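To start, the structure under review is shown below, and the notes come after it.
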Amino acid sequence: MDLNYSEEEYAFEAKVKQFLKDKLPQRLSDKVKGNIRLTKADMEEWHSILNAEGWLATHWPVKYGGTGWTPVQMHIFEEACSAANAPRTVPFGLGMLGPVLIKYGTEEQREHYLPRILDGTDWWCQGYSEPGSGSDLASLKTRAVRDGDHYIVNGQKTWTTLGQHANWIFCLVRTDTECKPQEGISFLLIDMDTPGIEVRPIITLDGEHEVNEVFFDNVKVPVSNRVGEENKGWTYAKYLLTYERTNIAGVGASLNGLEHLKVIAREQQLDGKPLIEDPYFARRMAEVEIDLDAMKTTNLRVLAAVQGGGAPGAESSMLKIKGTVIRQEINDLTRRALGPYAMPYVHEALEEGYNEPPIGPEYANPVSSDYFNNRKLSIFGGSNEIQRNIISKMILGL
Amino acid sequence: MDFNHNEDRRMLENTLSRYVREQYDFETRMKIAGADEGYSAEKWAEMAELGIIGALFKEEDGGFGGHGFDLMVVFEQIGRGIVVEPFLGTAVLGGGLVADLGSDEQKAILDDVIGGAKTLAFAHGEPTSRYSLSDVTTTATKSGDGWVLNGHKSVVSGGDSADTLIVSARVSGDRLDEDGIALFMVDAGADGVDRRDYGTVDGYGAADIILRDVAVEASALLGGEGDAFAAIEKATARGILALSAEALGAMEVVKDMTLDYLRTRNQFGVPIGRFQALQHRMADLLMEVEQARSIVINAAGALDGDRLEREKAVSAAKNLIGRVGRLVAEEAIQMHGGIGMTWEFSMPHFAKRIIMLDHMLGDTDHHMARYIALSSAA
């Protein structure tokens, strides 16, 4: 065994770090570090910096403007970006639709849509979930009825992340009701400006607007906007989901969170001594650090196994469960580390340009709200319960 | 043995339960929690009229209750409605200290408190004291007949709206000493009292309070010059019982909502409650909430007894409530899926309150350490 990267990989890592040092605007990394809300313009800014470098579409083949990186290179890149507090790229066009079009789209679709994803012309959102479907995705009801060269779409999608910024949505729609639920689904690309589409915000428990409901009322979609064959959308949907679950371990985010926690635990006091010296707290911190250390390697083992072979399969379910549990534990400990100052919450303090002095330590304000917001990690993208079902079925054969 | 409340308390419970259901429904609660005042003077007056505040005081202090089980009954219902009114600061901590230490003259304020005309808050915690009760650096210095106070009090529950603050300050001794702490009644509008009001994550009102050369008269001193620690510990014990009962009430609601959801939410063609993975977790949740009820009963029973037993019982309660609270809040959100993450739905607001209760008057770890220390002292 050799637990080190190859020489080329170390060289690559150095190159990535240098790039981040030179090109990542401090204004953006400060915002990410301070958990200040990123605006649409912030996300677009980082997107275009990466695009200029040719480092945007880490999953795509070079032919379509991607990097052609190996899974280990992608991992190195992700980890370095997290450590530098770079904003995360919006995954819907780059990480999800892109690979689907590359594998299943027509040459025309690829030529039209892929460059627009890269240059930021199109902001995609995901039209998968519906009220009542949840993790039972195949039960979706949004209907698309063929009418000449068009489909007429009626129905409702939900949990549409950042849909308020999007100008395009990729949707799973039901094109046949007389068959098993997984059959009769098609994959449509829909311009959000089409008449009959309405986007309504969903406010989450932390008071933030990140997700939306999208309503379709007799929305006319050209048949040429369908990806792949009619009624075969489930195949493409599943393929997309495997990409949604890559990098789901979130090792970078957890490492960052742990570092932040340690800084706080050193600064916070208990009976006049640093909290980090308290045996109860120290034990919890050590446990999660050990878990994370192991998961880092589990993650790399999975990546090494799929090196050159595309997206991981059921193994990504393990990474999702373990990754989210660890991240949520770090969030919980960070909340606890603040003691009573975990309670105050000033919503406006998350906005850029807020100038009032903080209540309590300067890092306190977003901590509890993050804890609550990150409860979503074990729910979305196939809940951890569904991931356990996948593990027991696909890996254990139960 | 009899685990039923007596008839007076059952009546109190019914009255408050009906009031919360009919006059303090979720929509009303969210409106009050979202307003600047931090509570509703109108609702507060109504609840005072129903005798809810009086139920938290003993007869000799002008009330008609004030025992552990009275606190349990009232706060369980407050938890069931996630009521944001300032019961803790006014009736339990502030009011409790005045009742315990006050002269007849000072205790006159309790009539107004019980009648709903005045609110109090206990300004005790400081930016670096965390949950320690003896870590007081705010100073009180003698000046003529009176005193001058200086210091910073942090995250004072109800401090944003209180008329009178009960402020702890050190008159002698070192930072962590139990001896040398005194209490003062300070008008919230007094010169040199600088309040920074804010809301908390779960929608309650609080404040950081800076005291700069605040001059108070000799009559502001509550009890002796520096022997207030025992009273602070006792009032805090009452507060811990109250918050534990509140968490219990909120957990019961969350448990019922989750159970209802498992029975009615269909996925893969069946109610999700048919899945054994969820059944077992719901069974655990039920067991843990029953354990939480038992530990609250223990604390309520020990509240008026011997000091060591009382303190062990409340630390045990706060520790267990913290552990069960986290389980209930997190499991309820998880089992509800996406809907459990939304602002519009009531359950997540209960979950937020349950989690935040762990940050008041000592968290799980604090009370674990304290329980161990108290046990070895026995």
Side-chain angles (χ1 to χ4, degrees), chain A residues 129 131-136 138-139 158-159 181 202-209 211 268-272 275 278-281 283-284 328 332 335-336 338-347 356-357 359-361 365 367-369 371-373 375-376 378-380 383-386 388-389, chain B residues 125 127-132 134-135 154-157 175-176 196 198-204 206-208 265-269 272 275 277-278 281 326 329-330 333-345 347-349 351-352 355-356 358-366 368-369:
Chain A
S129 292
S133 68
S135 289
D136 183 10
S139 69
T158 192
W159 313 124
I202 297 174
I203 305 301
T204 41
L205 82 173
D206 54 350
E208 292 290 311
H209 173 203
V211 288
Q268 288 290 305
Q269 291 189 15
L270 197 156
D271 292 336
L275 176 63
D278 173 59
Y280 304 97
F281 203 81
R283 177 190 168 151
R284 286 175 199 235
Q328 289 174 340
D332 182 69
R335 167 176 72 71
R336 281 163 190 274
L338 292 177
Y341 273 125
M343 301 183 71
Y345 183 59
V346 181
H347 195 75
E356 299 287 313
I359 293 161
N365 194 53
V367 166
S368 288
S369 146
Y371 161 82
F372 288 113
N373 183 276
R375 303 313 310 164
K376 73 186 174 192
S378 48
I379 296 172
F380 69 22
S383 67
N384 282 13
E385 288 77 12
I386 293 295
R388 286 190 176 89
N389 288 347
Chain B
T128 53
S129 69
R130 207 173 176 83
Y131 304 116
S132 161
S134 66
D135 191 344
S154 63
V155 202
V156 177
S157 171
R175 181 172 160 190
L176 296 169
R196 174 116 188 250
Y198 46 81
T200 54
V201 178
D202 49 354
Y204 292 69
D208 266 35
R265 170 74 157 120
N266 283 290
Q267 259 190 9
F268 304 100
I272 57 174
F275 299 118
L278 298 186
R281 284 159 60 187
R326 182 183 172 197
E330 292 184 355
I333 292 173
Q334 182 71 25
M335 289 199 261
H336 271 87
I339 198 78
M341 288 288 303
T342 61
W343 185 270
E344 207 182 354
F345 182 42
M347 189 281 288
H349 296 275
K352 285 200 283 185
I355 294 291
M356 284 301 114
D358 195 43
H359 291 278
M360 300 177 77
L361 305 183
D363 68 5
T364 320
D365 289 350
H366 171 83
M368 172 61 81

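Chain identifiers are assigned alphabetically (A, B, ...) following the order of the sequence lines, protein sequences preceding nucleic acid strands; residue numbering begins at 1 within each chain. A quick note: this is a predicted structure, and the numbers were derived from the prediction, not measured. Just the heavy atoms: all of them, side chains too, but no hydrogens, waters or symmetry mates, feed the values below.
Listed options B:G269, B:G337, B:A277 were ranked by heavy-atom pairs under 4.5 angstrom with chain A; first place goes to B:G337. Per-residue counts of heavy-atom pairs under 4.5 Å with chain A were compared for B:H366, B:M368, B:R265, B:H349; the largest is that of B:R265. In terms of non-hydrogen atom pairs under 4.5 Å with chain B, the most contact-rich of A:I202, A:N384, A:D332, A:L270 is A:D332. No other option in A:D278, A:L275, A:V346 has as many heavy-atom pairs under 4.5 Å with chain B as A:L275. Taking A:S139, A:G339, A:P361 one by one and counting their heavy-atom pairs under 4.5 Å with chain B, the maximum is reached by A:G339. Put simply, of A:S383, A:G132, A:G134, A:G272, the one with the most heavy-atom pairs under 4.5 Å next to chain B is A:G132. Residue with the most contacts toward chain A among B:A329, B:G199, B:A206: B:G199 (heavy-atom pairs, distance under 4.5 Å). For chain B, the option among A:S369, A:S133, A:G360 with the highest count of heavy-atom pairs below 4.5 Å is A:S133. Of the residues considered (A:P344, A:S135, A:G207), A:P344 shows the highest number of contacts with chain B, using heavy-atom pairs under 4.5 Å.
Put simply, the side chain of B:P348 does not reach to within 4.5 Å of the side chain of A:R375, judged on heavy atoms. Residues A:Y371 and B:E330 are in side-chain contact: their nearest non-hydrogen atoms beyond the backbone lie under 4.5 Å apart. By the 4.5 Å heavy-atom criterion applied to side chains, A:Y341 and B:D208 are counted as neighbours. B:D365 has its side chain within reach of A:R284: a pair of non-hydrogen atoms, C-beta onward, lies under 4.5 Å apart.
B:Q334 and A:S378 make their closest contact through OE1-OG, 2.6 Å (heavy atoms, listed as atom of the first residue, atom of the second, distance). Taking every heavy atom of both residues into account, A:A342 and B:V201 meet most closely at O-CG2, 3.7 Å.
Contacts of B:I333 with chain A are made by both backbone and side-chain atoms, with heavy-atom separations under 4.5 Å. Using a 4.5 Å cut-off between heavy atoms, B:R130 contacts chain A through both its backbone and its side chain. B:A369 touches chain A through backbone and side chain together, each having a heavy atom under 4.5 Å away. Heavy atoms closer than 4.5 Å to chain B are found in the backbone of A:L338, but not in its side chain. With a 4.5 angstrom heavy-atom cutoff, B:F268 touches chain A via backbone and side-chain atoms both. Only the side chain of A:Q268 comes within less than 4.5 Å of a heavy atom in chain B; its backbone stays farther off. In this structure, chain A has a heavy atom under 4.5 Å from the backbone of B:N266, while its side chain stays farther away.
Rounding to the nearest 0.5 Å places OH of B:Y198 at 8.5 Å from CE of A:M343. The line from CE of B:M341 to CD1 of A:I379 is 6.0 Å long, rounded to the nearest 0.5 Å. Here the CD-CZ distance, from A:E356 to B:R196, works out to 6.0 Å after rounding to the nearest 0.5 Å. Atom OH of A:Y345 is separated from atom NZ of B:K352 by 8.5 Å, given to the nearest 0.5 angstrom. In this structure, CD1 in B:I272 is found 11.0 Å from CG in A:D136, a value given to the nearest 0.5 Å.
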Before giving the answer on side chain to side chain contact (heavy atoms under 4.5 Å, CB included), spell out for A:R335 and B:I355 the whole-Å C-alpha distance, their side-chain angles and the decisive distance to 0.1 Å. CA-CA 10 Å; A:R335 167 176 72 71; B:I355 294 291; 3.4 Å; yes
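Not a single donor-acceptor pair under 3.5 Å links the side chain of A:R336 to the backbone N or O of B:H359.
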